[in-house]
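In what follows, every chain begins at residue 1, and chains take the letters A, B, ... in the order their sequences are listed.
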Amino acid sequence: MLFKKRTHTCGDLRSANLNEKVTLNGWISGKRDLGGLLFIDLRDRYGITQLKIDPDNKACYDTAVKLGQEFVVSASGIVIKRESINKNIPTGEIEILVEELDVLNESEIPPFVIEEEIKATDELRLKYRYLDIRRKSIADNLILRSRVSQIVHRYFEKHNFIEVETPMLMKSTPEGARDYLVPSRVHKGKFYALPQSPQLYKQILMVSGMDRYVQICKCFRDEDLRADRQPEFTQIDFEMSFVTQDDVFEILEGMFGEIWKEIKGVSLPEKFRRMTYDEAINSYGSDKPDLRITGEMKIENISGIAGGSEFKVFQETLNSGGIIAGIKLSGKEVTRKTVDSLTEFVKKHGFGGLGYLKFNAGGNVQSPVAKFLSAEITDNIKNAFSAADGDTVFILSGEKMKVLTALGQMRLKLAEDFKLTDESKYEFLWVTDFPLFHYDHDEKRFFAEHHVFTMPKDEYLKFLDSRDPAEVESIRANCYDLVLNGHEITSGSIRIHKPDIQKKVFDIIGLTDEEAKMKFGFILDAFRYGAPPHGGAAVGYDRVIAILAGLKSITDTIAFPKTLKASSLMDECPGEVSQEQLDELAIQIVKKEA
RNA sequence: GGAGUCGUAGUUCAGUUUGGUUAGAACGCCUGACUGUCACUCAGGAGGUCGCGAGUUCGAGUCUCGUCGAUUCCGCCA
């Protein structure tokens, strides 16, 4: 079908184009019929341009009055100056006096009005995602995503990385997240798995001597979903040979630096701040602390100070190996309501109650536990937190990790309730020295915290032969996360490349040689032929885009996202398949009993 | 797997607490009027399986149970 092609987009024309004869193609975004004069807003992804239809041009006018929302048209005419200027849009000084108007396609009445302040629910927007993407904010997210992608490709190429595509159909490995499985027709009863990440392939590429590998790739995890978790998501996955942790950091610091500079016009520090896992847990009660909070609100362990008190709860805690710790809220009025809501919050975390010390003006201390604490102890607590009059210190006592994580979550809650987070900041933080193992008391065995190929730090290699839970759990790994504003956006490690160390790690998690061979045989084979020291990381691409776009959820960074139940409302997947397809795969559906 | 919230016109919601006349509003849609609008304005109109299924009741949008879907959180996500 022939149609008059556009000479400009709907975002192009300005006063400089006055008197030019132009053609625009686009969607009808609005129509204002004044009874004679008729104005149309024509939209494409570049912007909106106003069309003026004069009733004297009868053919044109007759077509125009019949136009509905989202009709696709081609309009030709002269760029003229508007009588009244619209300062809200970039093309607001001009309009097109239309001479020729063709309907390229009609549209049914859309199920929701396509406007920036969308009223439709997520459910409806996902079902008609193609209409949702016509909205500027969603389109802009996809454009942003595309721009970042270009920056990333350019950056890694500049640093001598090779892009290698790795298989989407691979072997299922039982460690880690649940795999999405794909049945094999040729090998009946056997299954491929979709990659949770290209981890093993990229390590093998290091053995191959590719030296520097990168890929922006889709990954799949069949786990329950959240606002920031989609069943399929995207990683910037990379691996480097002959490197230490610092080399990996440098690459990512450079990459994020370029992204932020180009997208946000913000210069990030050349080196990001670093913190060990232990420091993060002890001071922020989290392995991904949000450092945008005013005054940082560090957790202080006051076991030593408060332990000297008569307070029975504190005594019992310390006797059973627990800790007493707290956080300070600076200069905010703490009401009865605040305390009640926080108490309810900590009770959900399994605490009997919440202690607090309110340092009022004039040296008066308001506290339900004050009567158990001497003036000296109260003073010492005040000093430990560098508390001033008007500050409140909240205190919890109990098992160490429970206290720290509860205080960590309270820190975030207080920051939210009292608006202590500087939303304009970008706080990047390396969290390093993660534990290599944790002991599972139910299953009575050790598990790898990151993955089984993570290299222990040199000074802990001696504990690889120990089976004492405390010693084994003390082993720290060459394993690191990059945290941005409290979100984990990157995770990686230096890998084990020596078979003897690998064997010891397998031993600790109770993997026999035989099992190891069955699960990881191909990579262990590869490692026998000269594996270089190597390490890398994977960046959670969707989360990075969400933060750049100022979104809470990653859903709108993805063109066609899935719901929390992993279905796509637009194309209605997953769907049933025919009996023939099942027969070919030798698969039988077991109906759930009623 | 568990807990919470939501589901009423094309859309967003009110109505559910305390069951009771013809289920309302706004936007959208349709018709008409209007020659400088840009959230055009004005007048009129159409539009409902109250998610679905059972139950309680003289009577259910409203109460109970189940189910489906969306969403938030916990578990889970090396």
OP1 or OP2 of B:G69 sitting under 4.0 Å from any side-chain N/O of A:K565?
yes
Ignoring the backbone of A:F39, work out which of B:A39, B:C76, B:U37 is nearest its side chain.
B:U37
Using OP1 and OP2 only, check whether a side-chain N or O of A:T555 sits under 4.0 Å from B:U71.
no
Same-atom distance (P) from B:G51 to B:C13, integer angstrom:
14 Å
State whether A:R32 places a side-chain N or O below 4.0 Å from either non-bridging phosphate oxygen (OP1 or OP2) of B:C40.
yes
More than 12 non-hydrogen atoms from neighbouring residues, nucleotides or ligands closer than 6.0 Å to NZ on A:K457, yes or no?
yes
Salt bridge or not for A:E572 and A:K127, using N-O below 4.0 Å?
no
Just compare B:A70, B:G36, B:U35 and give me whichever is closest to any side-chain atom of A:P55.
B:U35
Testing B:C74, B:U37, B:A70 for proximity to the side chain of A:E95, the answer is B:U37
If you only use heavy atoms from C-beta on, which nucleotide in B:G69, B:U71, B:C38 is closest to the side chain of A:R82?
B:C38
Carboxylate-amine/guanidinium proximity below 4.0 Å for A:K337 and A:D340
no
Pairing nucleotide - B:U37, Watson-Crick or G-U, each distance under 3.5 Å:
none
Rounded P spacing from B:G32 to B:U72 in Å:
45 Å
The single option from A:F238, A:F453, A:F527, A:Y213 that satisfies ring-ring contact (aromatic ring centres under 6.0 Å, His included) with A:H534 is A:F527
Minimum-distance nucleotide to A:R229 side chain [options: B:U12, B:A70, B:C77]:
B:C77
Tell me whether the side-chain N/O atoms of A:T121 come closer than 4.0 Å to OP1 or OP2 in B:U12.
yes
